[in-house]
Every structure is written in structure tokens, then in C-alpha cells.
2 protein chains.
Amino acid sequence: MQEQRISESIDQYMGLLKSRGFRLTNQRRIIVETLLRKLGTHLNARELLDLAQEEDPSIGIATIYRTIELLNSLGMLNMVNLEEGFLRFEVPDEQMHFHVFCRSCGKTVHLADEESKMAEVKGWAQSEGFDLLPQTFEMAGLCRECREEGVLDEPFDAAIPIKGVRGRCRRRCGRMPR
Amino acid sequence: MQEQRISESIDQYMGLLKSRGFRLTNQRRIIVETLLRKLGTHLNARELLDLAQEEDPSIGIATIYRTIELLNSLGMLNMVNLEEGFLRFEVPDEQMHFHVFCRSCGKTVHLADEESKMAEVKGWAQSEGFDLLPQTFEMAGLCRECREEGVLDEPFDAAIPIKGVRGRCRRRCGRMPR
DNA sequence: ATAACTGCAAATTCTTTGCACTTTG
DNA sequence: CAAAGTGCAAAGAATTTGCAGTTAT
């Protein structure tokens with residue numbers, strides 16, 4: 001995003017905070033700015049802290065979490081769960097995003113044509129009486145490369161899914177057999 | 001689910017573990033059985049522990065987590081993030097589920113006609129080269145009741161979403177103004 | 001018999017909170 | 001100036017891990 005749009009976006013975000021009666025603090029501005037500059041990536045709280053501290057080293061982790069919570073409650077920030085044991089965050093440049101990530105290697109991509117997918121998904125929720133909020137959808141899958149590497153041993157079509165995925169096994173879970 | 005199907009399902013799950021070279025321990029059987037009996041609910045680790053301990057009080061929380069990790073890595077268990085600060089778990093009775101939950105009151109429903117939605121979503125991922133794994137999708141929204149109660153103050157159509165949702169604000173995030 | 005698995009309790013990691021101080025409006 | 005917001009450090013909660021003992025194959 002070019003400088004000018006970033007600056008406009010910051011103004012929009014800060015304007016919303018103001019219109020809601022929240023104060024425009026320097027910390028909030030820095031955090032919003034950081035999220036906008038890193039748009040497209042998915043920062044976790046620690047990464048966001050580190051970047052924000054480049055602007056103002058005195059910012060603390062508590063402010064990060066409090067700001068995340070505030071922005072999320074206002075619909076200005078999406079929480080992203082890539083099954084890592086912690087959350088990541090992104091500001092929605094569009095109303096919705098669709099991620100697919102590989103449960104084997106962790107690669108993450110955005111789906112194309114998010115506008116029309118958004119319309120579809122909104123329709124689904126609508127029929128249950130829900131208005132969807134802006135957010136990012138996560139879908140776990142296996143990328144072509146991992147499939148070709150034989151991460152899978154079996155075809156994939158059981159009603160109770162019978163799959164062997166040697167996922168990013170960050171943790172001990174018994175031996176990894178075979 | 002009727003007793004016989006549960007028993008068959010347990011056998012299927014245990015059979016998969018066995019075929020992968022994992023051992024069929026009593027603890028694993030109990031955990032799988034508990035998940036199957038509570039199918040449709042979304043247990044967190046603590047709840048799963050409590051239920052499992054009704055069968056065998058000696059089961060520890062570490063075994064719960066290790067079994068969750070194992071089942072998930074085999075594609076036999078879905079992780080469910082309802083933005084509560086921890087995860088919930090369910091075994092997929094079908095390949096995929098679609099939840100919509102209300103970010104204001106927390107109400108959670110399953111979408112209807114999950115089969116066809118699954119086909120659609122699989123197609124989306126396919127075009128990026130991904131095979132989706134069985135899983136549960138979470139969508140955050142606002143239910144009709146909460147909308148009518150005026151949780152929202154503004155219409156919902158900004159490119160950078162401009163929404164005021166007084167979400168389940170479990171945490172301090174400044175005052176709740178207005 | 002032996003490698004896999006478990007329970008326990010301690011350790012880690014992520015997130016939240018109380019409080020005294022600072023800043024915004 | 002008063003209320004809102006912040007930083008710090010301590011607390012809390014969820015999850016992971018080392019290890020000695022147990023169990024499945």
C-alpha cells in the first residue's frame with residue numbers, strides 16, 4: 001500500500017475510535033499503523049509488539065493485547081487461528097479473507113475472488129438469521145507439494161475421515177511411526 | 001448416535017490408530033468414546049478430562065492434550081476456535097461442519113445442508129492446489145436477537161469495516177462508551 | 001523385553017489484571 | 001481536572017514437557 005493510502009486508512013481507523021468515544025493515543029496510532037503496514041501478513045502479539053516498539057520502545061505487551069481486544073470488538077481487526085497455539089491478527093483491507101493453510105508444511109495462501117465468496121458465505125449465515133462480521137476464514141488442507149511428497153498414505157473419503165497427516169507435529173505425540 | 005454405531009465408530013478410530021502403528025491404550029479408547037458420545041457439542045480440554053475421568057479417574061490432563069494432538073494430526077479431530085481464549089474439539093461425524101456464532105451473545109448454530117457447502121468450499125481450495133481436510137469452519141456474526149437489541153449502531157458496509165460491536169467483552173478494553 | 005505411553009508436577013507460553021502514573025479531551 | 005489509557009510486574013489460564021513408572025505388542 002502506498003504511503004498516502006496508509007495515512008488515509010490510519011485516519012479512518014482513528015476516526016472510528018474517536019466517534020465511539022475512545023481516545024486517540026499515540027500507542028493506538030502506532031499499533032494501527034503497524035497493522036496496516038504489514039497488511040497481508042499475519043502478526044501475532046509478540047511480533048506486533050516488536051514492530052510497534054521500533055516506533056516507541058516504551059509500549060508494553062499489555063497495551064498490545066488491550067488494543068487488539070478493542071479493535072476486534074469494533075470489528076476492525078480479525079483474529080487468525082492457524083492451529084499454532086496462539087492467535088495472529090490482521091486488519092481487514094476488505095471485509096473478508098479466505099486463507100487456506102497446509103497442515104503439513106504450514107504454507108498459507110489467500111483465495112482468489114474473495115468478493116464473490118464473501119457474498120456466498122454471507123448468504124449462508126443470513127439463512128440462519130446471522131449477519132456476518134468482517135473476518136478471516138481459515139481452512140486446513142494439504143498443499144500439492146506435501147501430497148506429492150506422500151504425506152498422505154490413504155485416499156480421503158471416509159465418513160469418519162480416515163487420514164494420516166503427519167502434521168507440523170510441534171509437540172510430542174507418541175512416536176511418529178513408519 | 002445409537003450404541004451400536006458408537007461402538008463401530010470407536011472401532012474405526014482405534015483401527016486407524018493401530019494401522020498407523022500407534023498403540024491401543026485404554027485412555028485413547030476412553031477419549032475417543034467420550035468425543036463420540038458428545039458428538040455435536042464442542043468440548044474443551046478440561047471438559048473432556050472431566051468426562052473421561054468418569055470412566056477412569058486416573059487419566060491426566062497431559063494425556064488429554066497428547067491424544068488431542070495425535071487425533072488432530074491424523075485428521076480425526078477438529079479444533080474449534082470460538083474466540084474464547086482456548087480451543088474446543090470435536091470428531092467429525094461428517095467431513096465438515098459450518099458454525100456461525102454470535103460475537104455478542106455467543107450463541108452457536110450449525111448451518112444447514114453442509115454437504116453442498118462442503119463441495120463448494122473444497123472447490124475453492126482445489127483451485128489453489130489444496131485438498132481440504134475434514135474440519136469445522138467458524139464464522140463470527142451477530143444473531144437477529146442481538147441486532148434487534150441494538151448491539152449495532154451503524155449499518156455495515158464500509159470497505160474498512162466500520163462497526164461497533166459490543167462483543168462479549170470478557171476483558172477490560174477501556175470503557176464501553178455511550 | 002522393549003519401545004510406546006502415561007501420570008505427575010514443574011515449566012512454558014500466551015494472555016489478563018491491579019495499581020500507580022500519565023495523557024487526552 | 002477527571003476519566004481514560006498506559007506500563008509494569010505479578011497473576012492466571014491453557015498447554016507442553018521431563019522423567020520415572022506402566023503397559024501394549
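By convention in this document, chain letters (A, B, ...) are assigned in the order of the sequence lines, proteins followed by strands, and residues within each chain are numbered from 1. Owing to the predicted nature of the structure, the values given are computational and were not obtained by experimental measurement.
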Exercise. T25(A) side chain N/O closer than 4.0 Å to the phosphate oxygens (OP1, OP2) of dT6(D)?
Worked result: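 Indeed, a polar side-chain atom of T25(A) lies that close.
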Nearest-nucleotide pick for [X], side chain only, options being [options]:
{"X": "R66(B)", "options": "dT6(C), dT16(C), dT6(D)", "answer": "dT6(C)"}
{"X": "R23(A)", "options": "dC19(D), dA4(D), dT15(C)", "answer": "dA4(D)"}
{"X": "T63(A)", "options": "dT6(D), dA14(D), dC5(C)", "answer": "dT6(D)"}

Please report the distance, rounded to the nearest Å, between [atom1] in [X] and [atom2] in [N].
{"X": "E84(B)", "N": "dT16(C)", "atom1": "CD", "atom2": "P", "result": "13 Å"}
{"X": "L49(B)", "N": "dG7(C)", "atom1": "CG", "atom2": "C1'", "result": "11 Å"}
{"X": "I59(B)", "N": "dC8(C)", "atom1": "CD1", "atom2": "C1'", "result": "14 Å"}
{"X": "E69(B)", "N": "dT16(D)", "atom1": "CD", "atom2": "P", "result": "7 Å"}
{"X": "E47(B)", "N": "dA14(D)", "atom1": "CD", "atom2": "P", "result": "10 Å"}
{"X": "L24(B)", "N": "dT23(D)", "atom1": "CG", "atom2": "P", "result": "16 Å"}
{"X": "Q53(A)", "N": "dC8(D)", "atom1": "CD", "atom2": "P", "result": "8 Å"}
{"X": "R29(A)", "N": "dG5(D)", "atom1": "CZ", "atom2": "C1'", "result": "16 Å"}

Non-hydrogen side-chain atoms of [X] and [Y] separated by less than 4.5 Å:
{"X": "L132(B)", "Y": "V100(A)", "value": "yes"}
{"X": "Y13(B)", "Y": "V91(B)", "value": "yes"}
{"X": "T67(A)", "Y": "F89(A)", "value": "no"}
{"X": "E120(B)", "Y": "W124(A)", "value": "yes"}

For this session: Map A62(B) and N26(B) onto DNA chain D by nearest heavy atom, then report which one ends up closer to the 5' terminus.
Result: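 Closest to the 5' end, via its nearest nucleotide, is A62(B).
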For this session: Starting from the 5' end of DNA chain D, give me the residue, Q27(A) or L87(B), whose nearest nucleotide shows up first.
Result: Q27(A)
Exercise. Would you call R144(B)-E128(A) a salt bridge at under 4.0 Å N-O?
Worked result: no
For this session: Determine whether any donor atom in the side chain of R46(B) lies under 3.5 Å from an acceptor atom in the base of dA14(D), or the reverse, and answer yes or no.
Result: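 By the distance-only test, no, there is no pair.
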